[in-house]
Protein chains: 2
Amino acid sequence: MIRVAVVDDHPIVTDGVVANLRASGEIEIVATGTSADDAVVLAGAQHPDVLILDLELAGKNGIDAIRAVKEASPQTRIVIFSAYAGEERVATAFERGADSYVLKGTSSDELVAVVRAVAAGGTMIPPEIGAQLARAVRQPRRDRLTEREREILALLAEALANRAVGERLGITERTVKFHVGEILGRLGAANRAQAVAIAKARGIV
Amino acid sequence: MIRVAVVDDHPIVTDGVVANLRASGEIEIVATGTSADDAVVLAGAQHPDVLILDLELAGKNGIDAIRAVKEASPQTRIVIFSAYAGEERVATAFERGADSYVLKGTSSDELVAVVRAVAAGGTMIPPEIGAQLARAVRQPRRDRLTEREREILALLAEALANRAVGERLGITERTVKFHVGEILGRLGAANRAQAVAIAKARGIV
DNA sequence: ACGACACCTGTCCGTTCGGACAGGGTCCGG
DNA sequence: CCGGACCCTGTCCGAACGGACAGGTGTCGT
């Protein structure tokens, strides 16, 4: 039997996943949770073979939980189960230690297949996720943002003007304009508003 | 038996809901779907007693589907099943004809209770949703947006410039500026980018 | 030591925004 | 029928934005 834990902030989603996994006959559900903290705690206590983890958790970044779970229980393999799959987010999830990534829109059969594969030590990544991953890797620098740029982008998302951003960071308004220009170019955005929209879509902010 | 249909763009969520409802013993699932179009079609074909409808549908606005479903099958009662519950979104859902609104974070028991209540012709609205509704009603007009304003706000979210919005809607750039000014005032935003951010946070777009 | 990369700053300029004026029209409910 | 919504349009102007030029620093790896 494969020992599986499920963490999703929506109990009914958890119910659905659990029901589908149980139906496969070779999976045992050892724990469920609804927050990033739950994920870390139950991973440390139960050491499940596979953790199915939603990224849209109520508390905060499910993406940050990946590393924490891996530290608490290194042998646990992590399958991300998310509704969204932006390049940046997919790439970050794997960098942090995820073993697979399944969209919520996929069928339950596929989810079972993925759990089976990763539990056996293999890797099974749905084609649409693989494509996103390839795209993220292929781009050398064009749309990868530097630390500073991400920082400024976050402030833009709060609707701060260039001058305000400069004051916040202790740099000139002119410099902010420079960085904003870089951000627009890298993201392919026409203006700051669109840059923020793209950033949200890709899960950067 | 209460005849229920479920529409959610995530099949696994649908599975979970179906499993929980079936377990109650007095509910029969007559149809499931994954898009707003599905909702309208199956409502017209099956005329279920209750339709459980997710608002975050892949195709388009689930919120627009409410009215369409009510037209296709007036006797069908609609229970919104969403992960988010911003004031504007809750209020709009009920204006369009929703009969109840349940958060995805609530337990399956509560969902069953709500389905039972609305099927019996009653109304059962979870307290957190009722609170949002009260808050939305209390505000006279200050931060409520008109239909046109919502329309323009949606285009602003796509980072269109005033001129482009005007062309899209067949009105002058000047008129767009007028509406944008109104939107900023009502939302308390300093600029269009922040307006979009607030709109997203409240679930207006 | 040299190039790359990230970071910072400056001037100039055309476009867009957002606010402050001021007015048109419709349609609906009291 | 008249006030109050919603919708549309205009001019003027200061501020912000975004691009195009042209530089400066520091750090890191080859």
Side-chain angles (χ1 to χ4, degrees), chain A residues 88 136-199 204-205, chain B residues 67 88 91-92 95-96 136-200 204-205:
Chain A
E88 197 85 17
V137 172
R138 194 177 315 127
Q139 292 164 342
R141 355 224 65 76
R142 195 178 32 221
D143 101 331
R144 257 203 125 78
L145 300 180
T146 69
E147 205 58 45
R148 194 57 151 177
E149 285 160 1
R150 248 189 288 270
E151 198 177 358
I152 289 181
L153 188 51
L155 294 178
L156 292 189
E158 295 175 29
L160 291 185
N162 287 338
R163 172 165 331 195
V165 173
E167 284 167 6
R168 191 80 76 89
L169 299 180
I171 58 179
T172 315
E173 177 185 359
R174 181 57 193 85
T175 305
V176 177
K177 291 179 70 172
F178 165 76
H179 286 301
V180 171
E182 292 288 304
I183 292 171
L184 296 186
R186 293 207 216 259
L187 296 183
N191 54 49
R192 59 219 291 116
Q194 193 179 1
V196 171
I198 292 174
I204 302 177
V205 287
Chain B
R67 193 163 281 164
E88 196 82 20
T92 307
E95 282 172 8
R96 299 285 173 89
V137 171
R138 196 176 312 127
Q139 291 163 342
R141 334 238 77 71
R142 189 171 44 213
D143 94 333
R144 288 215 71 127
L145 300 180
T146 68
E147 204 62 42
R148 193 57 152 178
E149 284 160 1
R150 247 188 290 270
E151 198 177 359
I152 289 181
L153 187 52
L155 294 177
L156 291 189
E158 296 175 30
L160 292 185
N162 288 336
R163 176 170 325 203
V165 173
E167 284 168 6
R168 191 81 75 90
L169 300 180
I171 57 180
T172 313
E173 176 184 359
R174 181 59 193 84
T175 305
V176 177
K177 292 179 69 172
F178 165 76
H179 286 301
V180 171
E182 292 288 304
I183 292 171
L184 296 185
R186 295 207 215 260
L187 295 183
N191 53 50
R192 59 219 292 117
Q194 194 178 2
V196 171
I198 293 174
K200 297 219 178 207
I204 303 179
V205 288

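Letters A, B, ... are given to chains in the order of the sequence lines, protein chains preceding strands, and every chain is numbered from 1.
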Query raised in the report: In the 5'-to-3' direction, what one-character label does each nucleotide of nucleotides 8-16 of chain D receive under the scheme B = base within less than 4.0 Å of a protein heavy atom, S = sugar-phosphate only, - = no such atom?
Result: BBBB----S
Query raised in the report: Distance from A:E182 atom CD to A:K177 atom NZ, nearest 0.5 Å?
Result: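 Going from CD on A:E182 over to NZ on A:K177, the span is 14.5 Å.
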Query - Distance, rounded to the nearest Å, where B:E149 contributes CD and D:dA5 contributes C1' - result: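 Computing the B:E149:CD to D:dA5:C1' distance gives 11 Å.
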Report task. Please check the phosphate of D:dA5 (OP1 and OP2 only) for any side-chain N or O of B:T146 closer than 4.0 Å. Result ->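 False: B:T146 side-chain N/O out of range (4.0 Å or more) of D:dA5 OP1/OP2.
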Query - Between the first and last five pairs of the helix from C:dA1-D:dT30 to C:dG30-D:dC1, the angle of the axes, rounded to 10 degrees - result: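 Between the first-five-pair axis and the last-five-pair axis there is 40°.
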Query raised in the report: Is the side chain of A:R186 donor-acceptor paired with the backbone N or O of A:L145 at a distance under 3.5 Å, no angle test?
Result: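 No, because the side chain of A:R186 does not come within donor-acceptor range (under 3.5 Å) of the backbone of A:L145.
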Report task. Determine the minimum heavy-atom distance between A:A195 and A:L187, stating which atoms define it. Result ->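 Nearest heavy atoms, A:A195 then A:L187: O-CD1, 3.8 Å.
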Report task. Just jot down the salt bridge (Lys or Arg N to Asp or Glu O under 4.0 Å) partners of B:R67, sequence neighbours excluded, or say none. Result ->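 For B:R67 there are no salt bridge (Lys or Arg N to Asp or Glu O under 4.0 Å) partners, ignoring immediate neighbours.
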**Report entry** Closest contact, heavy atoms only, A:I198 versus A:A189
**Finding:**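 A:I198 and A:A189 have their closest heavy atoms at CD1-CB, 4.0 Å.
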Query raised in the report: What is the distance from atom CZ of A:F178 to atom OG1 of A:T172, rounded to the nearest 0.5 Å?
Result: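 Interatomic distance, A:F178 CZ to A:T172 OG1, rounded to 0.5 Å: 12.5 Å.
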Query - B:E149 side-chain N/O to B:T146 backbone N/O, donor-acceptor pair under 3.5 Å - result: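 A pair under 3.5 Å: yes.
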Query raised in the report: C:dC5 C1' sits how many Å from A:L145 CG, rounded?
Result: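 Result: 15 Å.
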Considering only distance and modelled atom types, tabulate donor-acceptor pairs under 3.5 Å from the side chains of residues 151-170 of chain A, sequence neighbours left out.
{"unit_1": "A:E151", "atom_1": "OE1", "unit_2": "A:R148", "atom_2": "NH1", "d": "3.1"}
{"unit_1": "A:N162", "atom_1": "OD1", "unit_2": "A:R192", "atom_2": "NH1", "d": "3.4"}
{"unit_1": "A:N162", "atom_1": "OD1", "unit_2": "A:R192", "atom_2": "NH2", "d": "2.8"}

Report task. Rounded to the nearest angstrom, tell me the gap between atom CG in B:L184 and atom P in C:dA20. Result ->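 Atom CG in B:L184 sits about 12 Å away from atom P in C:dA20.
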Report task. Mark up nucleotides 24-30 of chain C, 5' to 3', with B wherever a protein heavy atom is under 4.0 angstrom from a base atom, S wherever such an atom reaches only the sugar-phosphate, and - elsewhere. Result -> -------
Report task. Could you tell me which residues satisfy salt bridge (Lys or Arg N to Asp or Glu O under 4.0 Å) with B:E147, sequence neighbours excluded, listed by chain and number? Result ->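 So B:E147 forms a salt bridge (Lys or Arg N to Asp or Glu O under 4.0 Å) with B:R96.
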Query raised in the report: CD of A:E182 versus P of C:dT9: gap in Å, rounded?
Result: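 Rounded to whole Å, this separation is 15 Å.
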Query raised in the report: Would you say the side chain of A:N191 lies within less than 4.5 Å of the side chain of A:Q194, judging by non-hydrogen atoms?
Result: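 In short, these two side chains touch, coming nearer than 4.5 Å.
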